[in-house]
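Since the structure comes first, as structure tokens, the remarks are kept for the end.
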Amino acid sequence: LTLVVQPIRVDWRFITAIDEDSGATIIDQLALFPVALKTFQPIVERWLKISPASIRLAFGAVLAMPVNDKQEGYRKLNSYLPKFEIDPEGSSDFLYQINRPRLSTTIPDLKINRLIKWSVALQSFGQIVLGPKMQFAATGPESVSVRLELDINTAAEFKGEFSSDRIFSLFQELVKLGEEISMKGD
């Protein structure tokens, strides 16, 4: 858990463990999304109760579901994206991004952006040898996963502030929208 404070922005980040030698994500230390939320959400909510007023709020997450290969990943994506028919054998480099805004149930006239990106990601780690003949040497196993990036945020057009008494329930709403997308897809 890290806190990054910039002049006009505050980020609370709950990130995965990274092996210092290889730079690879330590898979056995990745928490399931509901488990990670049970750790992350109460900490942020405690902070929100004492935070200064804000003009924007966002909840984001990058979720990965390991699969055996690209074809299995595309079959899994088909279940989360029923409006698309992805050919698991004849497709590659699929990336789906969309914003499906909704009105807030917490704050009248507030639009909430539900920006989502779905893909199948191949991850490999290695070393790049610089020189006249630049080469890449793999240093670890490859992994394939279905990937979902969530960016649930309040619309920039909203002309108002979120005081500490409203921001708490608004954050809970953003998290619930992220959970809904992760469970039901698009």
Side-chain angles (χ1 to χ4, degrees), residues 2-16 25 30-38 40-41 44-45 47-48 51-67 70 73-88 91-123 144-164 166-186:
T2 61
L3 172 63
V4 179
V5 179
Q6 299 173 10
I8 61 169
R9 182 179 172 133
V10 174
D11 289 332
W12 281 96
R13 297 179 182 163
F14 190 56
I15 58 174
T16 59
T25 302
L30 289 176
L32 296 176
F33 188 43
V35 175
L37 279 176
K38 284 182 182 176
F40 178 74
Q41 193 170 353
V44 173
E45 288 173 351
W47 182 80
L48 287 172
S51 70
S54 301
I55 58 171
R56 300 265 333 254
L57 184 66
F59 170 74
V62 177
L63 309 175
M65 177 188 304
V67 291
K70 177 186 76 160
Y74 284 157
R75 284 191 290 278
K76 186 63 79 173
L77 271 182
N78 278 329
S79 68
Y80 285 102
L81 302 171
K83 294 178 184 174
F84 290 92
E85 177 92 22
I86 305 167
D87 174 10
S91 299
S92 68
D93 304 308
F94 178 83
L95 172 65
Y96 174 67
Q97 174 179 314
I98 193 163
N99 181 17
R100 295 199 188 272
R102 278 193 189 167
L103 284 177
S104 172
T105 59
T106 305
I107 298 175
D109 301 321
L110 172 64
K111 184 174 76 173
I112 296 177
N113 293 312
R114 297 167 55 240
L115 180 62
I116 55 176
K117 296 178 190 177
W118 293 92
S119 62
V120 173
L122 169 66
Q123 185 176 18
V144 181
S145 60
V146 173
R147 183 178 165 95
L148 168 60
E149 293 182 46
L150 299 169
D151 181 359
I152 316 298
N153 64 78
T154 58
E157 302 88 44
F158 185 75
K159 302 297 181 216
E161 285 188 343
F162 308 120
S163 58
S164 60
R166 297 174 82 189
I167 203 166
F168 180 81
S169 55
L170 179 58
F171 178 71
Q172 290 179 326
E173 181 178 6
L174 300 182
V175 170
K176 282 184 183 181
L177 290 170
E179 289 177 300
E180 176 185 300
I181 293 165
S182 73
M183 297 297 290
K184 296 180 180 178
D186 184 42

| query | Partners of Tyr96 by ring pair (Phe, Tyr, Trp, His ring centres under 6.0 Å), sequence neighbours excluded? | reply | Phe84
| said: Going by the rule side chain to side chain donor-acceptor pair (under 3.5 Å), which residues pair with Ser169 if we only count those two or more places apart in sequence or in a different chain? | reply: none
| Heavy-atom side-chain contact between Leu37 and Phe59 under 4.5 Å | yes
| said: Going by salt bridge (charged side-chain N to carboxylate O under 4.0 Å, His left out), name the residues that satisfy it together with Glu157, two or more places apart in sequence or in a different chain. | reply: Lys111
| When Phe162 is tested against each of Leu48, Thr106, Leu170, Ile55 for side chain to side chain contact (heavy atoms under 4.5 Å, CB included), which residue passes? | Leu170
| Looking at residues at least two apart in the chain, or sitting in another chain, which of them share a ring pair (Phe, Tyr, Trp, His ring centres under 6.0 Å) with Phe171? | none
| Can you name the residues that form a salt bridge (charged side-chain N to carboxylate O under 4.0 Å, His left out) with Arg147, not counting sequence neighbours? | Glu149
| request: Can you sort out the partners of Ser51 under side chain to side chain donor-acceptor pair (under 3.5 Å), two or more places apart, ordered by chain and number? | output: none
| query | Who passes side chain to side chain donor-acceptor pair (under 3.5 Å) against Glu45, sequence neighbours left out? | reply | Gln41, Gln172
Which atom pairs, donor and acceptor, lie under 3.5 Å between side-chain atoms of residues 113-122 and protein residues at least two apart or in another chain?
from   : atom 1 : to     : atom 2 : distance (Å)
Asn113 : OD1    : Asn99  : ND2    : 3.0
Asn113 : ND2    : Asn153 : OD1    : 3.0
Arg114 : NH1    : Arg100 : O      : 2.9

| remark: Sorted by chain and residue number, the side chain to side chain donor-acceptor pair (under 3.5 Å) partners of Glu161 (sequence neighbours excluded) come out as none
| remark: Paired with Leu148, the side chain to side chain contact (heavy atoms under 4.5 Å, CB included) test is passed by just one of Asp186, Leu63, Leu77, namely Leu63
